[in-house]
Amino acid sequence: MSIVNFRQCTPKKLHMNSTLISREHEALFQTYKRLPVAIDHASGCRIFDTEGNVYLDFLGGIAVNALGHSHPRIIEAVEKQLRKYMHVSNYFYQEPQIQLAEKLKEMTGFDRVYFSNSGSESFEGAVKLVRKWGNARGKTVIIGFSGGFHGRTYAPLSVMDKPLYKNGMEPFLPNNRVLTFNDCEQLRANINEQTCAVALEYLQGEGGVTFATQEFADTIEELRQQYGFLLIADEVQAGGGRTGHFYGYQHRNATPDIVTMAKAIGGGLPLGAILAREHVADEWKPGMHGTTYGGNALACVAGLVVLEELERGITENVWKVGAYLTEKLQEIQQEFPEKITELRGCGMMQGVVLKGESQPIVNALLTRKVIANATSVNVVRLLPPLTITTSDVDEFIGHFRAVIAEA
Ligand SMILES: Cc1ncc(COP(=O)(O)O)c(C=O)c1O
């Protein structure tokens, strides 16, 4: 596919306090290209900067703020917990952890929950878990797919194909393989008795908001019946109700043994989770895996509010407003077919595939005080809070249409 250069539109109208920029530069590792916005506070799907500007947030803290920023019930729950205790460690029985795990079990049908702090840590743990299971059975190879993103620590990177994240940081873990996403033939040729686990995002986020095809999902299931490997679904981004279903893999009727989660389930606080069927979870005995902070009480009470709100109507909102967003994006695509080639994803995880690069479009949106994200060179990724309304969509669409028209 050839990438057309859209007219570069830099967010020049946003003037940032230059002292803040140089302080950041002097104080922090330079691992991020930050947007020229200094945050003052945030509420719902709005971010307020220190200059008094208000932004429409269709990034939601990279899919974290499922209920929007500063949700009153999350604030109330966290404040209440704050006054009881913040951290005691996993040496103790804690009601918030147990309650959240019970709720997750009830909503997903999984048997056991392990709490971590992030998506990478959840995936790292899942890889250790399948290794433990596989080592007892002579199954040694873990398979990931091109375009997949599972985090920045060594186990995730070892099943990913992203040169920017990997180059110069070799060696990676042995006995991992990265196959082409949605290539059924290649999958068949590479799965055998030695396969320990297959890990994938059924809806890839960083990979351009790309769904596994139904044929690919069915092929994984068929091979799993034949060879008996474990299936890991990475639901760190698509999970927690973002696509209408609680998990992205439900759009493909998959039945993973292990699911990794983070982002949405902490409601804005750092929380990750591994969910597994009992026979897999039982591989780990006391001391084999652990974390100091994972399952922190503040994060767990926030997570419980997220799950309760999903049950109280947010899920319906995702289906309804998500379909409305798709419909409005389709109208723009029909108007500008030479600029938009495809629409992907669903619910509050949608991608607009452009003929040209997506970064200039995202920059142009920012000058209009709209925050979105560019991924996979030519995809504009939308990850708004699950609570947005049709009028938020109308506001976004008005700006998006104008930016596409000008491009
Ligand atoms: C699908 C997926 N897995 C794992 C991760 C890593 O999560 P974290 O950044 O919390 O470590 C991400 C982060 O974007 C993700 O999207």
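Computed from a prediction, not measured in an experiment: that's the story for all the values here. All values below were derived from every heavy atom in this structure, side-chain atoms included, with hydrogens, water molecules and symmetry-related copies excluded. Both ligands and their constituent atoms are indexed starting at 1 by order of listing.
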Subject >> With Ala38 via side chain to side chain contact (heavy atoms under 4.5 Å, CB included) - residues at least two apart >> reply: Met16, Leu20, Thr50
**OP:** Could you tell me which residues satisfy side chain to side chain contact (heavy atoms under 4.5 Å, CB included) with Lys320, sequence neighbours excluded, listed by chain and number?
**Re:** none
May I ask you to list the atoms of ligand 1 that are less than 4.0 angstrom from any heavy atom of [X]?
X	value
Ser120	6 (C), 7 (O), 8 (P), 11 (O)
Glu201	1 (C)
Gly119	6 (C), 7 (O), 8 (P), 10 (O), 11 (O)
Ser118	10 (O), 11 (O)

Subject >> Arg131 side-chain N/O to Thr140 backbone N/O, donor-acceptor pair under 3.5 Å >> reply: yes
**OP:** Examine Tyr202 together with Tyr247 and report whether their ring centres are nearer than 6.0 Å.
**Re:** no
Original post:
Can we call the ring centroids of Phe92 and Tyr85 under 6.0 Å apart?
Top reply: no
Can you tell me if [X] contacts ligand 1 (heavy atom of the residue under 4.0 Å from the ligand)?
X	result
Ile62	no
Phe123	no
His150	yes
Glu235	no

Original post:
Which one of Leu366, Asn378, Ile404 satisfies the side-chain contact (heavy atoms from CB on, under 4.5 Å) criterion with Ile361?
Top reply: Ile404
**OP:** Name the orientation class of the two ring planes belonging to Trp284 and His289 (parallel below 30°, tilted from 30 to 60°, perpendicular beyond 60°).
**Re:** parallel
**OP:** Mind telling me whether His245 and His251 have parallel, tilted or perpendicular rings, with 30° and 60° as the class edges?
**Re:** perpendicular
Subject >> atom 16 (O) of ligand 1: nearest protein contact (heavy atom, Å) >> reply: Gln237 NE2, 2.8 Å
**OP:** Identify, for atom 3 (N) of ligand 1, the protein heavy atom at the shortest distance, and state residue, atom and that distance.
**Re:** Asp234 OD2, 2.8 Å
Taking distance alone, with no angle check, do [X] and ligand 1 share an N/O pair under 3.5 Å?
X	answer
Lys263	yes
Phe149	yes
Gly151	no

Original post:
Between Ser391 and Thr389, do the side chains contain an N or O donor and an N or O acceptor separated by less than 3.5 Å?
Top reply: yes
Original post:
What part of Ala262 sits under 4.0 Å from ligand 1 if we count only heavy atoms: the side chain, the backbone, both or neither?
Top reply: neither
